Amino acid sequence: MMNGSAEYFKQSLSDFTFDVAAGGAIRHLADRGYTVGEITKMLDFPTPFERVQQTVWKHFVEKGIVLLKEPERENEKEEYSFVTEYDSYGRKSFRRVVTKERSMELIRWRQSRFCKAGGASLLDFLEGRCGENGVEYSYVSCDFGLYKRKDPKGFERLMERLEVGESAYIKELPWERKMVYHRLDRRMQRITACLREAGHPCTCYFIRSREKVEL
């Protein structure tokens, strides 16, 4: 029992030391768009590539950049304001007051399939929908973890269709062996458009307009 407690304490201390030394830097660099490989090279604190991978992935999941299940609920953000208050000695303080409660509701998707019309490209379509919904409310399905395991050579051929930096971004993330959903930021918009041209299917989700679009 004591050995288990000591081991747990040792691991907790190791995790804390790592987070202080490198965790914050990894998360910051990931938010700035660097790939796992680039982040590993940029760290002052020597960190194994696999540890950087896991830290980035955990950060993406916690921040909602990656969803581990299909988007199903619309999340309306909580709104609040600050009220000034004074105590009996005249000291000023601020109290946060919720003016609009956070609410969630199931989404009833309007399903469709993308069809190129009027000369508009898929990238134009994605940029437009993400502009209307907001990037944080736009996602694309990603089966990279499944595909890489099922057909490694096919996966590599698919990655060759991407720009070097975009390919590295996809290949260096530790994708889970199931369908997951990545936020449609500018990089993922370009990747999605390119992979669709290569014949790789995926589905986009635009939460505010409640559209589920097969590509």
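This chain uses plain numbering: 1 for the first residue, then up along the sequence. Hydrogens, waters and symmetry mates play no part in the numbers below; they use all other heavy atoms, side chains included. Since the model is a prediction, treat every value here as computed from it, not as a measurement.
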Give me the one residue out of R161, E163, M159, E166 that meets side chain to side chain contact (heavy atoms under 4.5 Å, CB included) with I191. E166
Would you say I170 ends up clustered with L68 if hydrophobic residues are merged whenever their side chains have heavy atoms under 4.5 Å apart, either directly or through other cluster members? yes
Could you check whether atom NZ of K58 has more than 12 heavy atoms from other residues, nucleotides or ligands sitting under 6.0 Å from it? no
Does atom NZ of K178 have more than 12 heavy-atom neighbours, drawn from other residues, nucleotides or ligands, at distances under 6.0 Å? yes
W57: side chain to side chain donor-acceptor pair (under 3.5 Å) partners, not counting sequence neighbours: E176
Shared hydrophobic cluster for L162 and M188 (ILVMFWY, side-chain gaps under 4.5 Å): yes
Quick check on the hydrophobic clustering: are F125 and V135 connected, directly or via other members, by side-chain heavy-atom contacts under 4.5 Å? no
Any donor and acceptor pair, going by atom type alone, linking the side chain of R110 with main-chain N or O of S209 inside 3.5 Å? yes
Quiz: residues 193-205 side-chain donor-acceptor pairs under 3.5 angstrom, not counting sequence neighbours:
from: H200; atom 1: NE2; to: D143; atom 2: OD1; distance (Å): 2.9
from: Y205; atom 1: OH; to: E70; atom 2: OE2; distance (Å): 2.5

Would you say R177 has more than 12 foreign heavy atoms packed within less than 6.0 Å of its CZ? no
Got D31 and K63 here, is their nearest side-chain heavy-atom distance under 4.5 Å? yes
Relative to each other, are the rings of W175 and H182 parallel, tilted or perpendicular (30° and 60° limits)? tilted
side-chain contact (heavy atoms from CB on, under 4.5 Å), that's the test. Do T192 and Q189 meet it? Break it down for me. CA-CA 5 Å; T192 299; Q189 291 173 31; 5.8 Å; no
Give a yes or no answer on whether the side chain of R129 reaches the backbone of F206 with a donor-acceptor pair at less than 3.5 Å. no
Side-chain heavy-atom pair E132, R208 within 4.5 angstrom cut-off: no
